[in-house]
Amino acid sequence: MAFPLQEIKLPILPFSMLIIISILGRSLHASDPPLTLDYYAPTCPSVFEIVKKEMECEVISDPRSAALIVRLHFHDCFVQGCDGSVLLDDTITLQGEKKASTNINSLEGFKIIDRIKNKIESECPGIVSCADILTIAARDAVLLVGGPYWDVPVGRKDSKTASFELAASNIPTADEGLLSIITKFLYQGLSVTDLVALSGAHTIGMAHCANFRARIYGDFETTSDRSPVSETYLNNLKSICPATGGGDNNISAMDYVTPNLFDNSFYHLLLKGDGLLNSDQELYSSILGLETKDLVIKYAHDPIAFFHQFSDSMVKMGNITNPDSFVDGEIRTNCRFVNT
């Protein structure tokens with residue numbers, strides 16, 4: 001069955017914010033794509049089971065694999081829609097997205113998708129798109145580390161193009177302000193509620209020192225509750241991430257309480273002022289974040305509400321499709337290269 005477009009509830013925005021949105025010069029595009037739950041039923045009925053088994057092996061081997069796949073999916077969908085463009089390698093004729101400033105030091109997990117694709121190609125050659133594989137794998141990744149289940153509509157095609165420029169401009173960065181991040185979500189047809197819920201994926205995964213240095217040597221002590229636990233946490237972060245002298249690729253968990261468990265602990269950390277990334281802490285601490293603050297409080301106190309909204313928002317994000325790919329897209333044989 002096809003999934004209807006969910007109503008997008010936009011916040012009451014200041015005049016300056018409305019100007020920003022109008023400057024974007026385009027309409028929101030989380031639309032009603034031709035995706036269904038049973039798209040592969042007649043052609044590759046085992047696709048969901050294959051992805052699940054492969055992801056089980058990956059997460060058992062390294063629980064951090066779950067966060068890698070979720071992040072890949074997010075970065076894919078925010079550039080040209082969920083079309084597998086993030087998976088493309090650079091070639092003589094195509095510049096991919098992997099080396100964009102927002103991706104080069106933050107994306108991994110490509111080999112996981114390669115292995116799943118190879119397995120599926122051996123069972124159902126030329127049938128299942130890399131874009132769908134990544135979308136299904138992201139759902140299974142969340143489920144395997146304790147998160148919610150949701151049905152994944154499928155039927156995406158793989159793009160024959162990528163956009164280095166859009167990867168650099170569309171994806172929010174760790175030090176970005178709240179209004180700018182909201183703008184980038186609205187640009188994709190995603191609401192403020194979607195923003196706060198999807199940010200909860202940071203309850204798993206790691207961040208590089210380069211992405212949290214400004215935070216821990218900036219306003220961390222201002223937002224933190226200064227408890228002994230918070231003080232110890234900050235001191236540990238500073239030992240991992242020196243103010244000067246390198247260490248950019250050193251990593252720390254974004255949720256130091258339950259780093260390998262998908263739960264609502266992330267929101268509790270924001271209430272304490274201990275968010276690792278500035279972009280995360282802004283959801284609660286920004287004077288402009290009245291709506292986002294209320295949602296952080298809600299999800300901290302109601303994990304069921306968080307799980308439900310996260311599931312809905314992941315489906316909604318997965319519905320951001322590249323219209324061009326439905327016209328001239330393809331099913332890549334190798335997720336890293338356009339078919340020749």
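Remember, it's a predicted structure, so these values are computed and weren't measured experimentally.
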Flag, side chain of [X] to backbone of [Y], donor-acceptor distance under 3.5 Å:
X: S224; Y: F220; answer: no
X: D158; Y: G329; answer: no
X: T203; Y: D263; answer: yes
X: E330; Y: N339; answer: yes
X: S85; Y: A162; answer: no
X: K98; Y: L87; answer: yes
X: N236; Y: Y233; answer: no
X: D302; Y: K298; answer: no
X: S311; Y: F307; answer: yes
X: R215; Y: D175; answer: no

Quiz prompt | Pair F185-F78, side-chain contact (heavy atoms from CB on, under 4.5 Å): steps then yes or no | solution = CA-CA 9 Å; F185 271 72; F78 265 58; 3.9 Å; yes

Self-check item: From CA spacing to verdict: side-chain contact (heavy atoms from CB on, under 4.5 Å), I112, S65
Solution: CA-CA 8 Å; I112 296 174; S65 298; 3.8 Å; yes

Would you compute the distance between atom [atom1] of [X] and atom [atom2] of [Y] and round it to the nearest 0.5 angstrom?
X: T223; Y: L271; atom1: OG1; atom2: CG; value: 11.5 Å
X: L107; Y: T102; atom1: CG; atom2: OG1; value: 7.5 Å
X: C77; Y: L134; atom1: SG; atom2: CG; value: 7.0 Å
X: H301; Y: F306; atom1: NE2; atom2: CZ; value: 14.5 Å
X: L94; Y: D89; atom1: CG; atom2: CG; value: 9.5 Å

Between [X] and [Y] (salt bridge meaning N to carboxylate O under 4.0 Å), is one present in this structure?
X: K157; Y: D83; result: no
X: K117; Y: E121; result: yes
X: R156; Y: D132; result: yes
X: R71; Y: E108; result: no
X: D248; Y: R213; result: yes
X: D312; Y: K316; result: no
X: K99; Y: D90; result: yes

Exercise. Going by the side-chain contact (heavy atoms from CB on, under 4.5 Å) test, name the single residue among T135, I136, V152 that passes it with V51.
Key: I136

Side-chain heavy atoms under 4.5 angstrom apart, residues restricted to Ile, Leu, Val, Met, Phe, Trp, Tyr: same cluster for [X] and [Y]?
X: I113; Y: L68; result: no
X: Y284; Y: L178; result: yes
X: L195; Y: M254; result: no
X: Y267; Y: L269; result: no
X: W150; Y: V47; result: yes

Flag the pair [X] / [Y] as yes when at least one side-chain heavy-atom distance between them is below 4.5 Å, and no otherwise.
X: I204; Y: N260; answer: no
X: K160; Y: R332; answer: no
X: L35; Y: Y39; answer: no
X: L190; Y: S313; answer: no
X: H268; Y: V257; answer: no
X: R64; Y: I251; answer: yes
X: R115; Y: K119; answer: no
X: C241; Y: N250; answer: no

Under a 3.5 Å threshold, yes or no: a donor from one side chain and an acceptor from the other, between [X] and [Y]?
X: S163; Y: E97; value: no
X: S279; Y: E282; value: no
X: S180; Y: T183; value: no
X: N235; Y: T232; value: no
X: H208; Y: N105; value: no
X: H75; Y: N103; value: yes
X: S159; Y: N322; value: no

Quiz prompt | Pair listing, disulfide bond (SG atoms under 2.5 Å apart) test, anchored in residues 268-340, at least two apart | solution = C130-C335

Quiz item: What are the two closest non-hydrogen atoms of C209 and G247, and how far apart are they?
Solution: CB-O, 3.0 Å

Quiz item: What do the steps show when you test S169 against F164 for side-chain contact (heavy atoms from CB on, under 4.5 Å), and what is the final call?
Solution: CA-CA 9 Å; S169 63; F164 180 93; over 6 Å; no

Quiz prompt | Steps toward side-chain hydrogen bond (donor to acceptor under 3.5 Å, both in side chains) verdict (Y256, D274) | solution = CA-CA 10 Å; Y256 67 84; D274 285 357; 3.2 Å; yes

Exercise. For the pair I182 and V192, evaluate side-chain contact (heavy atoms from CB on, under 4.5 Å) and give the outcome as yes or no after the intermediate values.
Key: CA-CA 6 Å; I182 289 174; V192 172; 4.0 Å; yes

Quiz item: Is it true that atom NZ of K52 has more than 12 heavy atoms of other residues, nucleotides or ligands lying nearer than 6.0 Å?
Solution: no

Quiz item: Out of Y149, Y299, F262, which residue meets the ring-ring contact (aromatic ring centres under 6.0 Å, His included) rule with F310?
Solution: F262

